[in-house]
Novice: 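I have a structure here, written as structure tokens, and I will follow up with some questions on it.
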Amino acid sequence: YTDYMDRFYIFVICYSIKVEDLEPQSVKIGGECVLFINSAGHLNMYYKGKVEMLEIGGATEYHAHDGLAAYSIYETLKVIYKGTVIELSKRCPRYLASDSLVAFYDKNAEALNVFYKGEVAEIESGLLGKPVKIFSAGDNILAYISSRNNDFKIWYKGNLQTIASNVEN
């Protein structure tokens with residue numbers, strides 16, 4: 001929240017911590033962290049009583065969820081897991097973040113990957129152009145239609161299953 005002088009505070013359990021003297025441009029609240037773009041345009045993270053600058057300007061998109069947070073700087077994708085920033089891809093044009101996973105297309109590896117419980121797992125490789133026609137993510141689950149063969153697939157807690165073959169979208 002901000003006070004009458006636009007100073008930015010975070011309320012933690014039963015007390016408030018002043019984070020910035022100026023109102024932030026935007027704020028996203030997750031389970032363990034608060035991400036915000038400050039008045040200068042820098043991406044910052046509040047985590048366990050400390051504020052850390054993650055990026056000097058340039059954050060094009062960011063998300064905070066219960067179990068993790070993710071952000072991109074143009075095509076570079078990073079995830080924040082248990083307070084640690086992990087780079088997932090240098091060329092990621094498309095990704096989805098949910099409470100427990102980040103699904104992303106790595107253009108360099110031409111692969112659809114998922115970050116889950118601190119690990120990156122490859123779901124499909126050898127994908128060119130647009131690897132996935134439609135994809136959606138929720139808690140512990142990723143659903144998508146592969147552009148390779150139009151199969152509707154579900155990835156759930158580390159297991160990949162084809163639900164229907166050659167579907168139309």
Side-chain angles (χ1 to χ4, degrees), residues 10 12 26-37 42-55 58-169:
I10 294 176
V12 181
S26 64
V27 178
K28 305 263 174 112
I29 301 169
E32 294 187 337
C33 70
V34 175
L35 295 179
F36 63 95
I37 296 180
H42 308 314
L43 180 63
N44 292 270
M45 172 179 68
Y46 171 84
Y47 181 78
K48 293 191 176 180
K50 296 180 184 170
V51 175
E52 177 184 350
M53 185 185 314
L54 301 177
E55 303 294 336
T60 50
E61 182 179 10
Y62 71 107
H63 308 273
H65 297 283
D66 288 344
L68 53 76
Y71 66 95
S72 61
I73 302 166
Y74 302 101
E75 287 194 339
T76 299
L77 174 63
K78 296 183 182 185
V79 66
I80 302 165
Y81 182 70
K82 296 185 178 181
T84 302
V85 178
I86 302 164
E87 185 175 293
L88 297 180
S89 175
K90 288 265 187 216
R91 289 188 68 206
C92 174
R94 199 166 160 209
Y95 74 95
L96 289 173
S98 71
D99 283 346
S100 59
L101 63 84
V102 177
F104 63 99
Y105 174 62
D106 188 321
K107 207 169 183 177
N108 284 340
E110 295 176 341
L112 179 63
N113 299 320
V114 66
F115 176 88
Y116 180 71
K117 291 189 176 180
E119 306 273 327
V120 175
E122 186 177 275
I123 296 176
E124 284 196 37
S125 62
L127 302 170
L128 299 172
K130 291 187 176 185
V132 179
K133 290 185 176 183
I134 300 171
F135 75 137
S136 184
D139 293 351
N140 303 316
I141 192 167
L142 168 69
Y144 68 98
I145 297 175
S146 175
S147 63
R148 192 184 285 167
N149 50 17
N150 286 340
D151 285 354
F152 174 57
K153 297 182 180 185
I154 300 284
W155 183 95
Y156 179 68
K157 292 186 176 181
N159 298 309
L160 183 63
Q161 183 177 1
T162 301
I163 303 302
S165 296
N166 200 23
V167 298
E168 294 201 21
N169 51 352

Novice: side-chain contact (heavy atoms from CB on, under 4.5 Å) for Val102 and Leu77? Distances and angles first, verdict last.
Specialist: CA-CA 10 Å; Val102 177; Leu77 174 63; 4.1 Å; yes

Novice: Check the pair Ile73 / Leu43 against side-chain contact (heavy atoms from CB on, under 4.5 Å), numbers first and verdict last.
Specialist: CA-CA 10 Å; Ile73 302 166; Leu43 180 63; over 6 Å; no

Novice: Give a yes or no answer on whether the side chain of Asp151 reaches the backbone of Lys153 with a donor-acceptor pair at less than 3.5 Å.
Specialist: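 No; judged by distance alone, with no hydrogens or angles, the pair does not exist.
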
Novice: Rounded to the nearest 0.5 Å, how far apart are OH of Tyr47 and OG1 of Thr84?
Specialist: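 Taking OH in Tyr47 and OG1 in Thr84, the distance rounds to 7.0 Å.
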
Novice: Quick one: ring-ring contact (aromatic ring centres under 6.0 Å, His included) partners of Phe36, sequence neighbours excluded?
Specialist: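 Checked Phe36 against ring-ring contact (aromatic ring centres under 6.0 Å, His included); matches are Phe8.
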
Novice: Just jot down the side chain to side chain donor-acceptor pair (under 3.5 Å) partners of Lys107, sequence neighbours excluded, or say none.
Specialist: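 Residues passing side chain to side chain donor-acceptor pair (under 3.5 Å) with Lys107: none at all.
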
Novice: Can you give me the closest heavy-atom contact between Ile141 and Leu101, atom names plus distance?
Specialist: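 Here Ile141 and Leu101 meet closest at N-CD2, 3.4 Å.
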
Novice: Could you tell me if the side chain of Ile86 sits less than 4.5 Å from the side chain of Val120, heavy atoms only?
Specialist: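 Val120 vs Ile86: side chains apart.
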
Novice: Run the side chain to side chain donor-acceptor pair (under 3.5 Å) test against Asp139 and tell me which residues pass, sequence neighbours left out.
Specialist: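 Result, side chain to side chain donor-acceptor pair (under 3.5 Å) vs Asp139: none returned.
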
Novice: Locate the shortest heavy-atom distance separating Ala137 from Leu96; write the atom from each residue and the value.
Specialist: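 For Ala137 and Leu96, the tightest heavy-atom pair comes out as N-CD1, 3.7 Å.
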
Novice: Taking ring-ring contact (aromatic ring centres under 6.0 Å, His included) as the definition, give me every residue that meets it alongside Tyr116, ordered by chain and number, with sequence neighbours left out.
Specialist: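 If we apply the ring-ring contact (aromatic ring centres under 6.0 Å, His included) test to Tyr116, skipping adjacent residues, the hits are Trp155.
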
Novice: In chain order, what residues pass the salt bridge (Lys or Arg N to Asp or Glu O under 4.0 Å) check against Glu55, with sequence neighbours excluded?
Specialist: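 Here the qualifying residues are Lys78.
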
Novice: Quick one: pull up OH in Tyr71 and OG1 in Thr76 and give me the separation to the nearest 0.5 Å.
Specialist: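 The OH atom of Tyr71 sits 9.5 Å away from the OG1 atom of Thr76.
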
Novice: What is the distance from atom CG of Leu142 to atom OG of Ser100, rounded to the nearest 0.5 Å?
Specialist: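 Leu142 CG to Ser100 OG: 10.5 Å, rounded to 0.5 Å.
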
Novice: Sort and list the pairs that fulfil salt bridge (charged side-chain N to carboxylate O under 4.0 Å, His left out) and have at least one residue in residues 43-54, not counting sequence neighbours.
Specialist: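 Every pair satisfying salt bridge (charged side-chain N to carboxylate O under 4.0 Å, His left out) with a residue in residues 43-54: there are none.
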
Novice: Return the set of residues passing side chain to side chain donor-acceptor pair (under 3.5 Å) with Tyr46 (not counting sequence neighbours), or none when no residue passes.
Specialist: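 Tyr46: no side chain to side chain donor-acceptor pair (under 3.5 Å) contacts found.
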
Novice: I need the Leu88 CG to Asn113 CG distance, nearest 0.5 Å.
Specialist: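 Between Leu88 CG and Asn113 CG, I get 8.5 Å after rounding to 0.5 Å.
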
Novice: Check ring-ring contact (aromatic ring centres under 6.0 Å, His included) between Tyr81 and all other residues, then give those that pass, not counting sequence neighbours.
Specialist: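 Residues passing ring-ring contact (aromatic ring centres under 6.0 Å, His included) with Tyr81: Phe115.
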
Novice: Can you give the donor-acceptor pairs under 3.5 Å from side chains of residues 58-69 to other protein atoms, not counting sequence neighbours?
Specialist:
from	atom 1	to	atom 2	distance (Å)
Thr60	OG1	Ser72	O	3.1
Thr60	OG1	Ser72	OG	3.2
Thr60	OG1	Tyr74	N	3.2
Glu61	OE2	His63	NE2	3.0
Tyr62	OH	Ser26	O	3.2
Tyr62	OH	Ser26	OG	2.5
Tyr62	OH	Val27	N	3.4
His65	NE2	Ala97	O	3.2

Novice: For Asn108, give me all partners under side chain to side chain donor-acceptor pair (under 3.5 Å), at least two apart in sequence or on another chain.
Specialist: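 Partners of Asn108 by the side chain to side chain donor-acceptor pair (under 3.5 Å) criterion, ordered by chain and then number, come out as Arg91.
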
Novice: To the nearest 0.5 Å, tell me how far Met45 CE sits from Lys28 NZ.
Specialist: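 Atom-to-atom, Met45:CE and Lys28:NZ are 16.0 Å apart.
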
Novice: Rounded to the nearest 0.5 Å, how far does CZ of Arg94 lie from CG of Leu112?
Specialist: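 So the gap between those two atoms works out to 9.5 Å.
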
Novice: With sequence neighbours excluded, tell me which residues meet salt bridge (Lys or Arg N to Asp or Glu O under 4.0 Å) with Lys90.
Specialist: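 Residues passing salt bridge (Lys or Arg N to Asp or Glu O under 4.0 Å) with Lys90: Glu87.
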
Novice: Does the side chain of Leu54 reach to within under 4.5 Å of the side chain of Leu35, using non-hydrogen atoms?
Specialist: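 Answer yes - side chains close enough.
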
